[in-house]
Every structure is written in C-alpha cells, then in structure tokens.
There are 2 protein chains.
Amino acid sequence: MIQTTGEPLTIKDIARLAGCGVSTVSRALNGSNEISEQTKERINEVIRQYNYTPNGNARRMRRSAEKTILLIVNGSSNLFFSPLIEQIQIASSSAGFQIAVNHIDEQEDEVQFASRLCTELRPAGVIFLGGDMRNFKRSFARIKLPCILSTANAEELGFENLSSVSVDDYEGGRAAAEQLFDRGHKKVGILGGDLSSYGPSGLRYGGFCSVCSERGADIPDSELCAYTFSSAYEAAVALYHKCKGMTAVFAMSDIIAVGAVRAFLDMGKRVPEDISVLGFDGIELSEYSNPRIATLAQPIHQISSLSVRMLVNMIEDGAEASHVTLRAQFRSGGSMGRI
Amino acid sequence: MIQTTGEPLTIKDIARLAGCGVSTVSRALNGSNEISEQTKERINEVIRQYNYTPNGNARRMRRSAEKTILLIVNGSSNLFFSPLIEQIQIASSSAGFQIAVNHIDEQEDEVQFASRLCTELRPAGVIFLGGDMRNFKRSFARIKLPCILSTANAEELGFENLSSVSVDDYEGGRAAAEQLFDRGHKKVGILGGDLSSYGPSGLRYGGFCSVCSERGADIPDSELCAYTFSSAYEAAVALYHKCKGMTAVFAMSDIIAVGAVRAFLDMGKRVPEDISVLGFDGIELSEYSNPRIATLAQPIHQISSLSVRMLVNMIEDGAEASHVTLRAQFRSGGSMGRI
DNA sequence: CTGAAAGCGCTTACAG
DNA sequence: CTGAAAGCGCTTACAG
C-alpha cells in the first residue's frame with residue numbers, strides 16, 4: 001500500500017492515476033456493466049494501491065442515500081431491543097442496505113425525530129423499534145417513505161406506507177392470565193407501561209382482563225412503571241402494599257420482572273413460594289436470573305428478519321403495507337409457582 | 001405548517017420563498033453573524049412554515065462532517081457499554097457534535113473499520129469504546145484524526161493523536177485479589193477475556209497475580225470466556241472442574257459474574273456459602289441480581305464525560321494526546337462472602 | 001449586510 | 001466501452 005499524506009484522494013486523483021476519466025472510475029466503483037473487465041481491473045488495482053475510499057457524503061448526496069435504512073430505537077438500554085438491533089443490522093446488510101441507528105429518549109416524539117432525520121439523511125426507509133401510537137397518529141402523515149413499526153401493531157393506524165411486525169399482545173396477555181390462573185393464582189397484580197394505551201402494554205392488559213372476567217375474577221390492581229430495573233423495583237413495592245393478598249405479578253417485560261423479584265426478595269418474600277412473577281419478552285437475562293424468570297417469549301429472530309424483508313419489499317418492489325402478527329410463547333421458569 | 005408534497009425543499013426554494021439569495025439563507029441556517037437580525041428572523045419564519053431541513057449529506061460534504069464524532073463500539077449487546085454510549089451521546093451533543101455510532105463484532109478489526117469509515121464519513125474525531133491493542137498497534141498509524149480510546153489505556157502505544165480514558169486495571173486486579181484474600185479465600189479461579197494481552201483483562205490478571213505472589217499464593221487457575229452470559233456459564237462449569245477446592249471466582253465483568261452464579265446454582269452450589277463470585281464494571285444489573293454481585297465499579301459517568309471533553313479539546317484547540325487513569329471502586333454484594 | 005458565482009466529490013445522461 | 005459536461009444541495013470566498 002502506497003503511503004499518502006495530507007488530504008484524502010478523490011475520484012479525480014484516481015482517474016488521473018489510472019489514466020482515464022472520472023466517469024469510468026465511478027463505473028468501476030459501482031460495479032456498472034458498461035465497463036470492460038480490463039479497465040475495471042486496472043482501476044481497482046489503483047484503488048487498492050492507494051487505499052482509496054469514496055467520500056460517502058458526496059455519494060449519498062447524489063444517490064439520496066438510497067441504500068440506507070434508518071433505524072429509530074425508543075430508549076437506549078433496552079435488553080429486549082439490543083439483540084433485535086443486532087439482527088436487523090445483519091439482515092439488512094445482507095440485503096445490501098446500510099443501517100443508521102438512532103436511539104431516542106422515551107419522552108421524545110420518535111416520529112417527528114424520524115421525519116427530521118429523513119430529510120437530513122434521505123434514507124430509503126425507516127424501521128421503528130417500539131413507539132408510541134399517539135405520536136404516530138399525530139405526525140406520521142408527514143413521512144412519505146416506506147416504514148416498518150417493529151414490536152407493535154400499526155394496523156389500526158391505516159397508513160399506506162407503514163407496515164408492522166409484532167406479537168399478538170392481546171393474546172399474550174390472555175396467555176399470561178391463563179398460565180397464572182391454571183396454577184391457582186387468583187389475586188394477581190400487574191406491573192407495566194401505559195395500560196390505557198393502544199400500545200403493547202394496553203393490549204396485554206386488555207387480554208389479561210378478558211380472562212379475568214371469563215373466570216369471574218376481579219379486575220387486577222396495577223402499578224405503572226418504566227421499563228427499567230429501578231422503576232420496576234419501586235413500582236413493585238408500591239404494588240405490594242396496594243394489592244393485599246396478591247400471590248403473583250404479571251410484569252410487562254422481563255426487565256420489570258427482574259426488578260420486581262429483587263424488590264420482593266428485599267422485602268423478605270420468597271419467589272415463587274410467597275409470590276410468583278411472570279415476565280414478558282424472553283430476553284437472555286431471564287434464563288440467567290435467580291430464580292429463572294417465567295416469561296412469554298417473543299420470537300426475536302422472526303421479528304427482525306421479517307421487519308427487514310418487508311421493508312425491502314416495500315422499497316424495491318413497491319409492496320403494499322401489511323401487518324404481521326406472531327405469537328408469544330410461554331416459557332416456564334422458577335419465578336412462577338403453583339398455589 | 002404548510003403541507004408540501006413530493007420532493008423535499010432545497011435551500012434554493014427557501015431563498016425564493018424568502019425573497020433573498022441562497023447565501024443569505026445559508027447564513028441564517030448556520031447562525032452566522034454576518035446577517036441582520038431582521039432577515040434572519042424572516043428566513044427562519046419561512047423555514048419553520050415549510051418545515052425545511054437542510055440536506056445533511058450536502059452539508060457534510062461541504063463541511064467535511066466537521067461536527068460529527070464517530071463512535072466505534074466493540075460488540076453490540078454489552079451492558080457495560082450501553083450507558084456509556086448514552087452518556088457520550090448526551091455530552092457530545094451539548095458540545096455541538098453529532099455522534100455516529102457503529103457497532104462491530106468482537107472479531108473484526110475495529111481500527112481498520114474506523115479508518116474506512118473516516119474517509120466515508122469524514123468525522124472530526126473518533127471515540128473507540130473498548131478495543132484490541134493488537135489492532136491499534138497494527139493499523140492505527142493510518143488514522144490521522146484526533147481519537148480517544150475509552151475503557152482501555154493507550155499510553156504504551158505512543159500515538160500522537162490517540163488519547164485514552166480508563167480505569168487502572170492493574171490496580172483493579174490488585175483490589176479484587178485483596179478483597180478476596182481479606183475474606184479468607186485462598187483458592188480463587190479467574191474467568192475473563194484474553195489474559196495474556198496488554199488489554200484490560202491482561203492487566204487485571206497481572207494485578208491479581210501480583211497480590212497472589214505477595215501473599216505466597218499460587219498463580220490462580222483461569223478459564224477464557226467471552227463477555228456473554230452463555231460463554232461465562234460454560235466457562236464457569238469448566239473452571240469448577242479444573243480448579244478443585246476453589247472457594248471464589250474473580251470474573252472480569254459483571255455479565256460474566258451473573259453467568260457464573262447461574263452455573264454454580266445449577267450445579268447445586270450455594271453462592272456465596274459454597275463459592276463466592278466477584279465481578280467487575282458495576283453495571284446496573286449487578287444491583288438487581290440475586291444475590292447482588294460484589295464488584296469493582298467503573299466510574300461510568302467520568303469516563304464518558306472525560307472522553308468527550310478530551311476529544312473536543314483535541315479537535316478544537318489542538319490539545320495533545322493524554323492518558324487519564326481513574327480508579328475502580330469496590331462495592332460489596334451478597335455474591336461474595338467470608339470463609 | 002447581501003447576492004452571484006465557484007466549487008466540494010460524486011453520479012449520470014449524453015455524445016461519441 | 002469511454003469521457004467531457006452538467007448537476008446534486010450546500011458553503012464560502014469575493015465583490016459590492
């Protein structure tokens with residue numbers, strides 16, 4: 001490799017060095033077939049020798065970043081999202097797309113943020129990892145690109161350019177209730193996000209309550225909390241005092257479940273002998289906790305690969321928006337016992 | 001807000017709409033002071049009305065992305081890194097820099113990757129979160145921008161444009177050994193990354209061994225593992241069989257510690273009664289595990305804010321490379337007991 | 001303080 | 001198959 005100093009090389013330099021025009025270099029760079037094998041080889045040799053990389057900003061400006069997918073992640077240290085992000089990255093790069101990841105705070109409006117970034121980056125499409133339905137309702141109309149909402153169902157929203165891949169959260173909530181009732185629990189508390197919303201928490205709550213009423217049980221007590229250990233810890237303490245005689249907790253995520261377990265242990269309760277805890281998501285940590293967290297596992301791999309595939313279909317073939325619903329699968333664990 | 005259809009607006013459109021030249025719009029956009037408050041206000045009003053955002057690719061091309069910092073993260077679902085990333089993002093945006101995060105596999109050469117991305121993105125500087133010293137030795141010379149290695153010490157490498165912020169890993173290893181010896185443990189096994197390297201694992205191992213020899217103990221048995229639950233689990237089982245009579249384990253990260261605890265519990269051992277486990281890093285999970293993980297906590301907040309501040313000083317004021325070493329702080333936890 | 005013009009490093013019709 | 005030229009959306013001397 002020839003050492004260079006100072007300014008990076010441009011396509012012009014390569015053209016000069018290879019003794020040809022810039023358009024020819026550009027063709028070699030982009031694997032065009034309007035170029036002879038011979039010159040392509042010669043140019044590539046020069047590129048290799050001088051270790052040239054094209055200026056991506058200039059490229060993206062011309063091509064409108066057509067090979068980039070924007071990934072908007074709600075919240076930054078979410079153990080459920082991190083393997084999804086990883087798999088989305090892998091799946092899209094094998095489909096020939098770069099991923100630009102952007103984490104945003106849960107309080108921010110992810111849709112507005114994405115809209116701004118779209119004119120900034122000009123990606124070919126957007127994947128939202130989680131999101132607040134109200135934000136979509138309010139500002140999604142502004143986004144004209146193919147988009148996917150991963151992890152929540154966007155069917156009700158009815159946008160032409162918004163597909164979604166998610167677990168059937170209502171059914172998941174029902175399954176949670178059935179697992180608990182079948183083990184003899186009658187008084188169950190609930191720990192989760194906004195239960196009144198259209199979003200995953202609300203749907204799971206709705207499913208849970210539907211089983212309660214079928215089985216003649218009361219509407220369960222609940223306590224709102226964020227998807228963090230510390231928030232779950234506090235909420236679990238509050239719930240324990242509010243919901244007298246509670247023998248089990250349905251936590252809307254495994255992170256919440258782990259925080260709740262820690263809280264109950266600190267209060268001198270045994271899990272699951274005194275109180276059972278059932279999580280949601282099926283993150284890796286649930287299998288390494290003590291006790292292991294019983295959970296409704298989401299098919300992470302399917303969610304990520306479908307998200308990418310559906311988005312690419314929309315981008316490349318103009319496919320219409322569609323909504324895929326998968327099933328969360330119950331997985332037992334030491335945190336949930338029989339009464 | 002006025003609705004627009006089709007193509008996004010350009011600076012030309014705004015100029016036309018505001019009745020001025022493009023250079024004036026550009027000045028308003030960039031907060032130049034060569035522009036009257038009056039016109040600036042008028043232009044900003046138009047920009048707001050039409051919800052215009054400049055094309056970032058074109059901007060970055062002209063400005064060589066001078067306001068972007070590239071953040072290279074080794075490994076993707078690292079619980080120790082995720083709060084660091086978050087804080088680095090916050091600190092740099094308040095210093096006026098955008099962060100472009102890129103996760104890479106642990107097997108990849110992060111330095112070569114960064115070098116390629118530098119000509120692709122033309123950032124103002126690079127922050128490496130973790131990294132393999134061998135890769136730096138081999139290929140860092142190629143990178144001419146101001147860089148920071150966060151989480152490992154780069155002093156020995158002696159590059160003029162590479163600073164570092166890290167914990168004193170050798171001292172951390174010594175502290176770990178002292179805490180264990182002081183509690184009566186004599187036979188300790190070690191679980192961690194490449195112990196023969198110059199990197200953090202190697203230094204901690206070196207510090208640990210130095211205390212062993214001071215106290216007349218043997219060189220401890222060790223088992224190599226990656227920084228994941230599953231790898232730690234397997235390694236802990238292997239270590240248990242290799243290191244007969246072991247009463248404690250020093251794990252090079254809290255993730256490894258959690259995986260090891262799970263393994264020992266599954267083998268019917270009690271933690272800490274039969275075997276103590278000491279971690280490293282001080283991630284949030286360590287305080288929510290059961291038992292809580294005793295650990296050497298890294299000052300995450302200091303590491304992130306110093307990394308950004310030092311890099312910005314190098315970029316803006318041409319500050320020289322420097323190397324800051326912080327202290328890991330012991331934090332007790334139920335995973336470590338007395339013998 | 002403002003605008004017309006040049007130019008950043010690419011890609012892509014267009015003409016050969 | 002190849003090259004000269006136009007143009008992408010910005011920023012920044014330069015001249016007023």
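Both backbone and side-chain heavy atoms feed into the values below; hydrogens, waters and symmetry mates do not. All chains are named by letter (A, B, ...) in the order of the sequence lines, taking the proteins before the strands, and each is independently numbered beginning at 1.
- A close approach under 4.0 Å does not occur between any side-chain nitrogen or oxygen of Thr10(A) and OP1 or OP2 of dC8(C).
- Considering only the side chain of Arg59(B), dT11(D) comes nearest among dC1(C), dC10(C), dT11(D).
- Between dG16(D) and dT12(D), the distance separating the two C1' atoms is 16 Å to the nearest Å.
- OP1 or OP2 of dC10(C) has at least one side-chain nitrogen or oxygen of Tyr52(A) nearer than 4.0 Å.
- Spacing between atom CD of Glu37(B) and atom P of dC1(C) amounts to 9 Å, rounded to whole angstrom units.
- Using a cutoff of 4.0 Å between basic side-chain nitrogens and carboxylate oxygens, Glu41(B) and Arg48(B) are scored as salt-bridged.
- For Val46(A), the side-chain contact (heavy atoms from CB on, under 4.5 Å) partners at least two apart in sequence or on another chain are Ile14(A), Leu17(A), Ala18(A), Tyr50(A).
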Which side-chain N or O atoms in residues 125-138 of chain A pair as donor and acceptor under 3.5 Å with protein atoms at least two apart or in another chain?
| unit_1 | atom_1 | unit_2 | atom_2 | d |
| --- | --- | --- | --- | --- |
| Asp132(A) | OD1 | Arg134(A) | N | 2.9 |
| Asp132(A) | OD1 | Arg134(A) | NE | 3.1 |
| Asp132(A) | OD2 | Arg134(A) | NH2 | 2.7 |
| Asn135(A) | OD1 | Arg138(A) | NH2 | 3.4 |
| Asn135(A) | ND2 | Glu110(A) | OE1 | 2.9 |
| Arg138(A) | NH1 | Asp109(A) | OD2 | 3.0 |

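- Looking at residues two or more places apart in sequence or on another chain, you find no salt bridge (Lys or Arg N to Asp or Glu O under 4.0 Å) involving Glu320(B).
- We find that CD1 of Ile11(A) is positioned 6 Å from C1' of dC10(C), with the value rounded to whole Å.
- Taking atom CZ on Arg42(A) and atom P on dC1(D), their separation rounds to 14 Å, with Å as the unit.
- For the pair Asn55(A) CG and dC8(C) C1', the interatomic distance rounds to 8 Å; values are reported in whole Å.
- Nucleotide dA6(C) holds its C1' atom 14 Å from the NZ atom of Lys12(B), rounded to whole Å.
- Checked against salt bridge (Lys or Arg N to Asp or Glu O under 4.0 Å), Glu160(A) has no partners two or more places apart in sequence or in another chain.
- We find that CD of Gln38(B) is positioned 11 Å from P of dC1(C), with the value rounded to whole Å.
- Residues that satisfy the salt bridge (Lys or Arg N to Asp or Glu O under 4.0 Å) test with Glu316(B), not counting sequence neighbours, are Lys67(B).
- Remark: P of dC10(C) and CD1 of Ile47(A) are 10 Å apart, rounded to the nearest angstrom.
- Here Glu155(A) pairs with nothing under the salt bridge (Lys or Arg N to Asp or Glu O under 4.0 Å) rule; sequence neighbours left out.
- Taking atom CD1 of residue Ile43(B) and atom P of nucleotide dT2(C), one finds them 8 Å apart after rounding to whole Å.
- Listed in residue order, the members of residues 17-27 of chain A having a heavy atom less than 4.0 Å from DNA chain C are Ser23(A), Ser26(A), Arg27(A).
- Considering only the side chain of Ala58(A), dG9(C) comes nearest among dG9(C), dC1(D), dT11(D).
- Note on Glu45(B) versus Arg42(B): no salt bridge recorded, every NZ/NE/NH1/NH2 to OD/OE distance being 4.0 Å or above.
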(message) Output the pairing pattern of DNA chain C as a dot-bracket string, 5' first, Watson-Crick or G-U wobble with both distances under 3.5 Å, | for cross-strand pairs, [ ] for crossing pairs.
(response) |||.||||||||.|||
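- Applying the side-chain hydrogen bond (donor to acceptor under 3.5 Å, both in side chains) test to every pair with at least one member in residues 10-25 of chain B, sequence neighbours left out, gives these pairs: Thr10(B)-Asp13(B), Asp13(B)-Arg16(B).
- Within the structure, a side-chain polar atom (N or O) of Asn30(A) is placed less than 4.0 Å from OP1 or OP2 of dT11(C).
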